[in-house]
Amino acid sequence: CPMTGYPYEILTEEAIRGVGLAFLAVDAAISRVWVPRLLEAGAVVIDKSPAFRMRPEVLLIVPEINGHLLNPSTRLVASPNCSAIIACMALAPLHKAFGLKDVMIATYQAASGAGAQGLAELEGQCHAWAKGETMQTRVFPHPLAFNVIPEIGSFEASGETGEEVKLREESQKILNLPDLTCAATCVRVPTLRSHALAITATFEEAVDLSTAQSVLSTFPGLLVMDDPMTHLYPTPLSATQQHACQVGRVRLVPRHPKRLSLFVAGDQLLKGASLNAFQIAKRLGQNE
């Protein structure tokens with residue numbers, strides 16, 4: 001590849017012969033064509049696209065949460081949506097402690113979540129603004145620079161966007177809570193990298209704050225940053241290029257003893273994408 005220096009070849013039937021493990025980081029249409037072919041050729045496949053995530057027979061895995069579902073016979077694994085991964089990393093230990101009942105989420109998703117073109121558009125708009133020029137929009141429906149856009153993905157008949165549907169449905173599957181009520185508003189913000197989420201969750205049991213902080217601090221892949229008096233809490237900048245998701249602003253909701261609010265941030269290009277897929281591969285290797 002001229003951009004990375006890594007060797008590559010065109011994806012063909014011949015090219016996939018003898019492949020033992022395949023990572024697919026392509027759009028869903030390509031995955032639907034090539035995943036069956038790779039499986040037929042004998043490969044184990046880890047797919048990052050949404051093509052197979054919600055199929056009942058396909059595991060949707062965040063290793064720290066449900067990696068125990070993997071076994072030596074697993075051939076196809078789906079890696080979840082980045083925001084669902086980051087949300088569930090914080091929700092999973094709290095669910096185990098108190099029993100998750102419903103959750104409300106507002107996301108703050110970086111421009112790079114829309115790919116290299118989205119990142120370039122934000123940077124171009126910032127330069128245009130500084131020069132007093134018109135900000136061009138091609139990737140996003142409105143200028144993203146100095147703005148926030150409550151639209152990620154196409155709108156569904158329900159009024160949800162595709163990203164909000166994925167966040168709800170995939171969280172239900174990852175946490176094995178098919179009846180979990182999840183209301184999400186997904187928002188594109190003018191940050192470069194790493195997504196953040198404001199979460200308010202309601203539980204079956206009354207929440208003890210010290211227990212909540214303890215289970216979060218001991219959960220693998222989570223880093224608690226929670227000292228508001230010294231301005232210590234997660235931000236997209238602090239989460240960028242970090243393997244762990246960060247959680248802070250953990251607090252009880254006044255007059256609601258079963259309700260907890262928190263703020264989570266994670267690098268959507270690492271734990272939200274590539275790192276999670278590689279962790280799945282490592283877990284599969286351990287199960288051989």
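In what follows, residues are counted from 1 in the order of the sequence shown. Side chains included, hydrogens not; waters and symmetry mates left out as well; all remaining heavy atoms used.
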Once you round to the nearest 0.5 Å, how far does [atom1] of [X] lie from [atom2] of [Y]?
X	Y	atom1	atom2	result
H95	K101	NE2	NZ	14.0 Å
K258	F98	NZ	CZ	12.5 Å
R188	F140	CZ	CZ	5.0 Å
C186	H195	SG	NE2	9.0 Å
I16	L38	CD1	CG	4.5 Å
M225	T235	CE	OG1	6.5 Å

Report yes or no: do [X] and [Y] belong to one cluster of Ile/Leu/Val/Met/Phe/Trp/Tyr joined by side chain heavy-atom distances under 4.5 Å?
X	Y	result
I85	I280	no
L94	V224	yes
L21	L24	no
I30	M54	no
F23	L275	no

Do you know the tightest heavy-atom contact between [X] and [Y]?
X	Y	result
F52	S31	CE1-O, 3.7 Å
A196	F263	CB-CZ, 3.5 Å
T161	E151	CG2-CA, 4.3 Å
A90	V264	CB-CG2, 3.7 Å
K271	C245	CG-SG, 3.8 Å
A265	P234	CB-CB, 3.8 Å

Open item on the list: Run the side chain to side chain donor-acceptor pair (under 3.5 Å) test on D267 and Q241 for me, step by step, so that the C-alpha distance in whole Å, both residues' side-chain angles and the decisive distance to 0.1 Å come before the verdict.
Closed with: CA-CA 6 Å; D267 191 323; Q241 296 186 337; over 6 Å; no
Open item on the list: Between F203 and D102, does the side-chain contact (heavy atoms from CB on, under 4.5 Å) criterion hold? Intermediate values first, please.
Closed with: CA-CA 7 Å; F203 298 90; D102 66 62; over 6 Å; no
Task: Contact check, side chains of L177 and L100, non-hydrogen atoms, under 4.5 Å - done: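 Yes; the side chains approach each other to less than 4.5 Å.
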Task: Derivation of the side-chain contact (heavy atoms from CB on, under 4.5 Å) call for L222 and S217 - done: CA-CA 7 Å; L222 266 186; S217 65; over 6 Å; no
Open item on the list: Could you walk me through whether T185 and V187 satisfy the side-chain contact (heavy atoms from CB on, under 4.5 Å) test, starting with their C-alpha distance in whole Å, then the side-chain angles of each, then the deciding distance to 0.1 Å, before giving a yes or no?
Closed with: CA-CA 6 Å; T185 301; V187 183; 4.0 Å; yes
- [ ] May I ask you to decide if P236's main-chain N or O and T240's side chain share a donor-acceptor pair within less than 3.5 Å?
- [x]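 Yes, T240 side chain to P236 backbone: donor-acceptor pair under 3.5 Å.
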Open item on the list: Check this for me: R249, atom CZ, are more than 12 non-hydrogen atoms of other residues, nucleotides or ligands nearer than 6.0 Å?
Closed with: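 Not more than 12 within 6.0 Å, no.
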- [ ] Kindly check if the number of other-residue, nucleotide or ligand heavy atoms within 6.0 Å of CG (D27) is above 12?
- [x]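 For D27, atom CG is crowded (more than 12 foreign heavy atoms under 6.0 Å).
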Side-chain ion pair, [X] and [Y], N-O less than 4.0 Å:
X	Y	answer
E170	R53	yes
R37	E40	no
R17	E14	yes

TODO: Apply the test side-chain contact (heavy atoms from CB on, under 4.5 Å) to residues T202 and V103: give CA-CA distance (whole Å), side-chain angles for both, the deciding distance (0.1 Å), then the verdict.
DONE: CA-CA 6 Å; T202 304; V103 60; over 6 Å; no
Task: Where at least one partner belongs to residues 115-135, residue pairs that pass salt bridge (charged side-chain N to carboxylate O under 4.0 Å, His left out), sequence neighbours excluded - done: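 Pairs touching residues 115-135 that pass the test: none.
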Open item on the list: Ignoring hydrogens and geometry beyond distance, is a side-chain donor-acceptor pair present between Q109 and T107 at under 3.5 Å?
Closed with: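 Note: Q109 and T107 side chains meet the donor-acceptor criterion.
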Task: R193 versus S112, side-chain donor and acceptor atoms under 3.5 Å - done: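 No pair is found: no donor N or O on one side chain lies under 3.5 Å from an acceptor on the other.
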- [ ] Would you please test S158 and E160 for side chain to side chain donor-acceptor pair (under 3.5 Å) and show each step?
- [x] CA-CA 5 Å; S158 64; E160 295 174 291; 3.1 Å; yes
Open item on the list: Run S238 and Q246 through side chain to side chain donor-acceptor pair (under 3.5 Å) and show every step you take.
Closed with: CA-CA 8 Å; S238 66; Q246 301 175 351; 2.6 Å; yes
